Structure formats: C-alpha cells, structure tokens
Amino acid sequence: MIDVRLIRNDLDRVRAALARRNDPSVMAALDRASSLDVRLREILVERDQLRARVNSISKDVGMLRRDGQVDQAEALQADSRQLGESEKQLAGEHDALNDRLRQELLVIPNLPFEGAPDGTSDADNPVVKGPFLPESFPDHQRVPHWETATALGILDNERATKIAQSMFTMQRGAGATLARALCQLALDRNADAHEEIRPPSLVSTATLTATGQLPKFADDAFAIERDDLWCIPTAEVPLTSIYAGEILDAADLPKRFMAYSPSYRREAGSAGRDTRGMLRAHEFDKVEILALSTPEQAPALLDDMVARAEGTIQVLGLPYRIIEICAGDMGQSHHRSFDIEVYAPGADAWLEVSSISWFSDYQARRADIRYRPVDAEGKPHKGTAFVHTLNGSALAVPRVWAAIVENYRNANGSVSVPEALRPYMRGIDLIEN
RNA sequence: GGAGAGGUGCCAGAGCGGCCGAAUGGGAUGCCCUGCUAAGGCAUUGACCCUCCGGGGUCCGUGGGUUCAAAUCCCACCCUCUCCGCCA
C-alpha cells in the first residue's frame, strides 16, 4: 500500500500520479482515504489526551492509597471512571475509522513510475526491444501446439480434465520431461545470484494480502476455506513474505531468491479464453526470481532481472519482443513493469512468458519488511525504512513449452529439442511418434 | 489428534496489579586505561504514531475482558518445545 503520509502531505502529487491509471474508482477511494485520515487524526489526538489524564490520575490513586488516603483516592477513581467511559468510546471510534482507512488503502494501487509510458490499455504498451522474428515461418510451423502435442502423445488434456476439471493440463513422456527441463534450465541460469527456495504452496490470508492479491482479487485465487489457506498464484507470494515483519541490515541487501513452484489461478474473468492447449490453465509451473533491495539498488536490479529472463528466451532460440507496461495497464502493486512475449506461429499469437516488475515499497509496507538505512560513510541513519521489492518470472513453463512445440516443429510432425535443454532431457533430442 | 511446558528487548533471562519500556548477564557501539594482547573503567544501545516541537500516546505472541490502573488477573486463538498416536 502507499504511504498514508504521502496522501496527507502531498495529495496533489498522489492524485496526479494515480490519475495516470485511468480508473475513477481509484480516485474516489483516494478522496475517501484522505478525509478518513483527517478525521482519524483529530480523534487520535483527543483520545491520547484522555489517556494521558487517565494515566496520570491512576498514578495519583496509587500514591494516595499507599499513603492511606482512601477517601481522596476513591474520589479520583470516580473521576477516572468517567473519563474512562469517554476514552473507551473515542478509542472505539478511532479503531473503526482506522479499519476503514486501511480497507481503502489496501485497494489503492501503487503510484506508477514517472518514466512509465502513458496509456489506458495493453494496446498502448510500447515495444521497447525487438521484435526478433525470422523472415518467415514455414507452413509446418503454422500448426497449433495442442494439435502437434496431442498427436505426439506428450499432451493429454482430455484426461487431465477427467481427473480434475476443465483448464487443467497434463504432459506425458517427453512432454513432461521437457516441462521439467525448462525449470531446471531457468534455475541453473539464475543460481549465480539467487538463493534457491522451495516455499510452501499454500499460504495464510496475511501472506496473500501482503503482495496485493487480497482483499481486492480474492476471486482469482483458489481458497482452502476449511483451513484458512490459499493456493499461491505465484511463488512471488511466499518469497516476498520470507522476511515479513523483520528489519534487515542494509549490508545484507539486496536479498535475491529464486524458486520453482506450481502456480494456481482460478482465471475467474477469463472463462472460454485461450482454453486450448497450454495457454491458460488453473495450475502451471514457473520459476520465479525476486529481490528485496534498497530504493537505490532497485532500478539496476530491474534491468538485470529483465536481462536474465530475456537471456533464457534467447538461449532457447525463440522469437520474442519486450514491451513496457503503460500506466493504465499496470497491475495494482506495480511501479514499473516489463513483459517478455514469445511468438507462437501455430497459434499465431504473442504469448506473455515473463513479467518483471518493480513494486517500490508498496508490498514491503503491506508485509512490513524494513531495513536500517546507512549514509554515504556507511553509518546507520536513525530509524528504519521499507525495502523495495522486485520480482519476475525467470520462466513460465506452459507457454514456453507451447512456443517450443510450435517453433521447433519439423515437417514430419516431430519436434526438435532446443540445444540448451538437451542436457536435461535424458538423451532425447527429437520428440517423435 | 491426545497430554504437558512455554512465548518478555539484538540474545539469554527476572518480573509483587501501581514506583516497569521493563532487573541482571551477554553481545554491539563510542570514549578512557593499557607498549601490544588479555583484562578493566565509563557511557550509549527497541520500534511505531500524533504534535501547538513543550510534549503526549502505543507496543512484553495475537485478539477480547476485568480494574481508577494490566507484562502481571480472566477468556479465546496462534506459535514453539517434550512425550504419545498417525504418517509420505
């Protein structure tokens, strides 16, 4: 969430920044938050003054009783009881207002990065690198991966649906091996700078709130209500909260993590879209990279993470482009965001295979992840500050899998295994019937 | 799942309902002493909120309650540890 003091001290700037998101409901929430904050502070001051009086009377009562002056003590107690009543009432009002303010703040999105492009939808996202495409695609690559893969026996979505539900997938044989090889490749390529984590795939409500999915996007997540747990929609969720509620040393930053994990999404708003093949599923595998950093370190880390995701796509030899997300199309928590898209000639579509984002201190404030800042000489400042968080997919398996099946399809219907994956394929370099 | 014990500051650990934001020890930092090292002396050492910058308030696992007053009493929940049960 954004800093309420920013709303208090520089409402115009916040309003201007959020206006770029092009969402009237956000502006309304901002106005409500602003006036709630004003009233909240009035009540806070009043409540604290009452508390101060109760505290000081109570001290006097204690002393009078010790000195045996029971009558005077009881008179003061009667006073204090009265004050206590009004204090209790004010405290209740304060807590109620505070809850309402927090609810408003939780749905107010992050301020977009000043340099992020303007725009209102994905149509306005500029291509900032590429596209890197071959001159043309032969006809044998113009076959959708679900046809090729089903024919080769490496994709069996019919049975996945029987076992679970629609929008679940199942890879078999070399297809399953290929999926796992992609994970292994992505992990190996990022192991130089990241600690590997195997996080929980089910998390608490607090954890899912920290990264921004709750309360606003509850319908997008699978809930295990009996146990008050949620299926993670991405490893970003547990990784971000590793240091929730903790204060880190500046010298330990950046902290960089990578994790393979399954990801679960209800895809509530996308029934019927991209339902074929591997393009959109309720469960998929992904390798995520993530950093906790100082504000100063964040921009360079963002570049580095984009370059890492791009490098993996390059080494797989897939056609791709990089787009920057415009202010009106950014996710709620995002400050600045880039997508890598791979071209799938069979489906004739650009597939988003990686999204790398900088969240400034938005998630860290929700998760309460702080650090002790230091000055130029390395001496600690007074106080603490929130870290910045960044994360992105190092590799999202299903869409890359799909793009490989389409781009590496041979004229006879077989699929070649990209060089970079062969070490992980138990000697399989051609997938055929 | 059953039985028991426990959750206090960076760590360990004390804490009678008021004199407790909290003893004591350790650690860390600064200064002093010391030829160097070891030892020693002194001091500092939590976070957060509001502020008319004088100050005021909150936090002893979390949330409620009792009381003029709660780390301390009561209730619920969470977590940790030990034993038993179950189990990949």
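Quantities reported herein were computed from a predicted structural model and do not represent experimental measurements. A note on names: the letters A, B, ... follow the listed sequences, proteins ahead of strands, and every chain is numbered from 1.
Between rC11(B) and rG46(B), the distance separating the two C1' atoms is 13 Å to the nearest Å. Look at the C1' atom in both rC20(B) and rA5(B): the space between them is 26 Å, to the nearest Å.
To the nearest angstrom, P of rC49(B) lies 12 Å from CG of N9(A). When rounded to the nearest whole Å, the span between CZ of R5(A) and C1' of rC50(B) equals 11 Å. Atom CD1 of I43(A) is separated from atom C1' of rU58(B) by 17 Å (rounded to the nearest Å). Going from atom CZ of R41(A) over to atom P of rC49(B) covers 13 Å, rounded to whole Å. Between D227(A) atom CG and rC77(B) atom P there is a gap of 16 Å when expressed in whole angstrom units. One can place CG of L76(A) at 19 Å from P of rG18(B), the figure rounded to the nearest angstrom. Here the C1' atom of nucleotide rC50(B) and the CZ atom of R39(A) are 18 Å apart, to the nearest Å. For the pair D368(A) CG and rU62(B) C1', the interatomic distance rounds to 15 Å; values are reported in whole Å.
Taking only side-chain atoms of R66(A), from C-beta outward, the nucleotide of rC68(B), rC19(B), rG56(B) with the closest atom is rC19(B). When distances are taken from the side chain of R372(A) to each of rC68(B), rC50(B), rA47(B), the shortest belongs to rA47(B). Side-chain atoms of R47(A) lie closest to rG57(B) of the nucleotides rG57(B), rC50(B), rC68(B). Checked against rC68(B), rG57(B), rC48(B), the side chain of T384(A) finds its nearest nucleotide in rC48(B). Nearest nucleotide to the I247(A) side chain, out of rA47(B), rG18(B), rG56(B): rA47(B). Out of rG57(B), rA69(B), rC19(B), the shortest distance to the side chain of R51(A) is found at rG57(B).
With respect to D192(A) and R308(A), a salt bridge is recorded, a charged nitrogen being found less than 4.0 Å from a carboxylate O. One finds a salt bridge joining R5(A) and D3(A) here, because a Lys/Arg side-chain nitrogen approaches an Asp/Glu carboxylate oxygen to under 4.0 Å. Of the charged side-chain nitrogens involved, none lies within less than 4.0 Å of a carboxylate oxygen, so that E42(A) and R39(A) do not count as a salt-bridged pair.
Among the atoms of the strands shown, none is found under 4.0 Å from any heavy atom of I57(A). Among the atoms of the strands shown, only primed sugar atoms or phosphate atoms (P, OP1, OP2) are found under 4.0 Å from some heavy atom of N55(A). Contacts of R370(A) with the nucleic acid, taken as non-hydrogen atoms under 4.0 Å apart, involve only primed sugar atoms and P, OP1 or OP2. Residue-level contact check: S80(A) touches the backbone only, with heavy atoms under 4.0 Å from sugar-phosphate atoms and none from bases.
F222(A) and H282(A) have perpendicular rings, their planes meeting at more than 60° on a 0 to 90° scale where under 30° would count as parallel.
Remark: aromatic rings of H334(A) and F359(A) are close, center separation under 6.0 Å.
Looking at which nucleotide of RNA chain B each of L44(A) and K88(A) is closest to, the 5′-most match is held by L44(A).
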